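See below for the structure under consideration.
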Protein chains: 2
Amino acid sequence: MISERKKEIITIAAKLFKEKGYNAVSMRDLAQELGIKAASLYNHISSKQEILAIIILEVAESFTQHMQKTFPKNISVRQKLEEIIHMHIEITIQKTNYLACLNNDWMHLDEKNLAYYIEMRNGYEKQLRKIISEGIENGELEKRDEEIILFSLLSTLRTLYLWYSKKPSLKIELLKRDLTNTLLSGVIKA
Amino acid sequence: MISERKKEIITIAAKLFKEKGYNAVSMRDLAQELGIKAASLYNHISSKQEILAIIILEVAESFTQHMQKTFPKNISVRQKLEEIIHMHIEITIQKTNYLACLNNDWMHLDEKNLAYYIEMRNGYEKQLRKIISEGIENGELEKRDEEIILFSLLSTLRTLYLWYSKKPSLKIELLKRDLTNTLLSGVIKA
DNA sequence: GTCTATAGGTTGATAGAC
DNA sequence: GTCTATCAACCTATAGAC
């Protein structure tokens with residue numbers, strides 16, 4: 001069980017990690033933001049590492065679960081890609097700071113959690129790659145290098161948090177519509 | 001003037017910063033990689049900050065210069081975007097580690113250099129935004145939110161280094177062709 | 001559940017010998 | 001141009017009082 005106080009610590013930590021990075025945020029910084037002393041943090045968490053692991057693994061597991069729900073569906077490749085894009089947008093909006101930590105500080109996980117994270121990331125990419133190659137084979141997608149399609153899609157989705165947090169006025173429905181169209185159909189008028 | 005030894009220090013530093021981030025690399029780590037002691041580094045550089053600033057500003061200035069060359073050209077919007085995409089690909093290949101530092105550690109620049117960097121980045125985005133809105137107005141580009149086009153393009157180009165370094169077998173010409181097509185025309189077959 | 005005090009280690013950087 | 005020795009500041013984490 002995670003207490004309310006622990007959740008609060010993790011939420012604030014994620015905000016600070018997003019701004020300055022895991023290594024540049026000290027336990028004193030974190031404690032100060034909560035209005036307590038650094039030593040008091042250890043009544044709620046066991047280490048700085050634990051905070052990082054909770055943040056990163058929560059988002060990573062969320063992506064994995066959603067992918068495993070979408071992957072086996074009996075729908076077109078286009079529909080699968082749309083679902084995945086919308087899922088990334090929703091997680092970005094709900095977990096902006098967590099996502100920033102995952103992107104910037106995953107390499108600072110300890111050995112065991114790092115291995116688990118990389119396993120999840122590889123699994124996710126593998127399934128998305130399979131959706132793309134299915135689309136190329138059945139003619140839904142253009143014949144292009146599948147790694148280029150995979151990573152140009154993923155890199156936009158993974159760094160969405162960077163500019164979404166600068167444009168909070170952007171309506172979710174507009175974002176979903178225009179980003180999906182841009183990623184799937186490009187920008188040049190036919 | 002930058003001596004050969006100083007260049008070597010900066011090159012190795014960029015490699016380490018890419019792997020672990022600026023704050024997780026100590027002067028002792030850097031010295032060890034060069035086969036000397038940490039104190040000896042200070043015969044060549046004045047501070048750890050100086051190394052970071054040289055790395056980041058060099059790439060940032062390079063992007064700015066190229067954009068200022070492309071921006072005023074009397075060519076179509078499509079051609080301008082193609083030129084910018086190719087420029088990003090070339091800088092990514094030539095300066096992979098420098099680019100990683102710029103992306104991950106720009107916020108650790110000191111006050112003065114941070115202001116200069118942000119000024120350059122804002123200027124770059126402003127000019128690219130202008131190219132995009134020109135394209136929407138003259139009908140070359142689809143009518144979409146211009147911020148969405150701007151940042152979906154930029155986020156792929158900015159994080160290209162992440163996966164290019166994992167796929168060094170990828171031929172530059174294939175990358176230029178398929179990435180340009182994917183970004184400009186999408187992936188769905190018409 | 002928070003505090004003070006502190007252990008034990010690492011950090012960036014300097015002084016001065018060679 | 002590199003070394004050893006060292007400093008002051010900072011780090012994560014623990015012990016024990018309240």
Side-chain angles (χ1 to χ4, degrees), chain A residues 1-57 101 104-114, chain B residues 1-57 97 101 104-114 117:
Chain A
M1 271 303 297
I2 295 187
S3 69
E4 282 307 309
R5 191 65 164 150
K6 187 167 180 176
K7 280 184 201 161
E8 192 186 359
I9 290 170
I10 291 165
T11 304
I12 305 249
K15 192 194 83 181
L16 296 181
F17 292 167
K18 184 198 172 195
E19 285 161 11
K20 307 204 289 172
Y22 176 72
N23 275 291
V25 175
S26 72
M27 296 303 269
R28 285 174 181 82
D29 295 334
L30 175 55
Q32 194 176 33
E33 198 83 359
L34 285 147
I36 58 176
K37 297 291 173 184
S40 308
L41 290 169
Y42 291 88
N43 253 289
H44 306 281
I45 50 103
S46 68
S47 68
K48 195 184 175 188
Q49 259 296 319
E50 191 202 352
I51 301 177
L52 185 68
I54 290 175
I55 291 171
I56 292 180
L57 298 185
C101 293
N104 300 325
D105 288 315
W106 60 269
M107 73 288 278
H108 299 123
L109 287 169
D110 65 22
E111 209 177 351
K112 203 188 109 215
N113 287 316
L114 183 61
Chain B
M1 270 302 299
I2 296 188
S3 70
E4 281 307 310
R5 191 66 165 150
K6 187 166 180 176
K7 281 183 201 162
E8 192 186 358
I9 290 170
I10 291 165
T11 304
I12 305 253
K15 192 194 81 179
L16 295 181
F17 292 166
K18 185 199 172 195
E19 286 162 10
K20 307 205 288 173
Y22 176 72
N23 275 291
V25 175
S26 72
M27 296 304 269
R28 285 168 181 81
D29 295 334
L30 175 54
Q32 193 175 34
E33 198 84 357
L34 285 148
I36 58 176
K37 297 290 173 184
S40 309
L41 290 168
Y42 292 89
N43 254 288
H44 306 281
I45 50 102
S46 67
S47 68
K48 196 184 175 188
Q49 259 295 319
E50 191 202 354
I51 300 177
L52 185 68
I54 290 175
I55 291 171
I56 292 180
L57 298 185
N97 297 341
C101 294
N104 300 324
D105 290 315
W106 60 268
M107 73 287 280
H108 299 122
L109 287 169
D110 65 22
E111 207 177 353
K112 204 187 109 215
N113 287 316
L114 183 61
Y117 164 74

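Bear in mind that the values here come from a model prediction, so they are computed numbers and not experimental data. Below, read A as the first sequence line, B as the second, and so on, with proteins coming before strands; counting in each chain starts at 1.
Side-chain atoms of Thr11(A) come within 3.5 Å of backbone atoms of Lys7(A) as a donor-acceptor pair (strictly under, hydrogens ignored).
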Distances under 3.5 Å between protein N/O atoms and the N/O atoms of nucleotides 10-12 of chain C, please, pair by pair.
from    : atom 1 : to       : atom 2 : distance (Å)
dG12(C) : OP1    : Lys48(B) : NZ     : 2.7
dG12(C) : OP2    : Met27(B) : N      : 2.8
dG12(C) : N7     : Arg28(B) : NH1    : 3.2
dG12(C) : O6     : Arg28(B) : NH2    : 3.1

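Comparing atom distances between the His44(B) side chain and each of dC3(D), dT4(C), dG1(D) picks out dG1(D) as nearest.
When the P atom of dT6(D) is taken as reference, atom NZ of Lys37(B) falls 15 Å away, rounded to whole Å. Nucleotide dG1(C) holds its C1' atom 16 Å from the CD atom of Glu4(A), rounded to whole Å. Atom-to-atom, CD of Gln32(A) to C1' of dC10(D) comes out at 15 Å; the value is rounded to the nearest Å. Here the C1' atom of nucleotide dA13(D) and the CD1 atom of Ile45(A) are 10 Å apart, to the nearest Å. The separation between Asp110(A) atom CG and dA13(D) atom P is 11 Å, rounded to whole Å.
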task: Give the intermediate values and the outcome of side chain to side chain contact (heavy atoms under 4.5 Å, CB included) for residues Leu34(B) and Arg5(B).
output: CA-CA 10 Å; Leu34(B) 285 148; Arg5(B) 191 66 165 150; 4.1 Å; yes

- request: Quick one: do Ile55(A) and Glu50(A) satisfy side chain to side chain contact (heavy atoms under 4.5 Å, CB included)? Show the steps, please.
  value: CA-CA 9 Å; Ile55(A) 291 171; Glu50(A) 191 202 352; over 6 Å; no

Steps toward side chain to side chain contact (heavy atoms under 4.5 Å, CB included) verdict (Tyr22(A), Gln49(A)): CA-CA 9 Å; Tyr22(A) 176 72; Gln49(A) 259 296 319; 3.8 Å; yes

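Results of the side-chain contact (heavy atoms from CB on, under 4.5 Å) test with Leu52(A) over Leu57(A), Ile10(A), Leu109(A) single out Leu109(A) as the only residue that passes.
Looking at which nucleotide of DNA chain C each of Gly35(A) and Ser46(B) is closest to, the 5′-most match is held by Gly35(A).
Pairs passing the salt bridge (Lys or Arg N to Asp or Glu O under 4.0 Å) check and including a residue from residues 11-21 of chain B, sequence neighbours excluded, read Lys15(B)-Glu33(B), Lys20(B)-Asp29(B).
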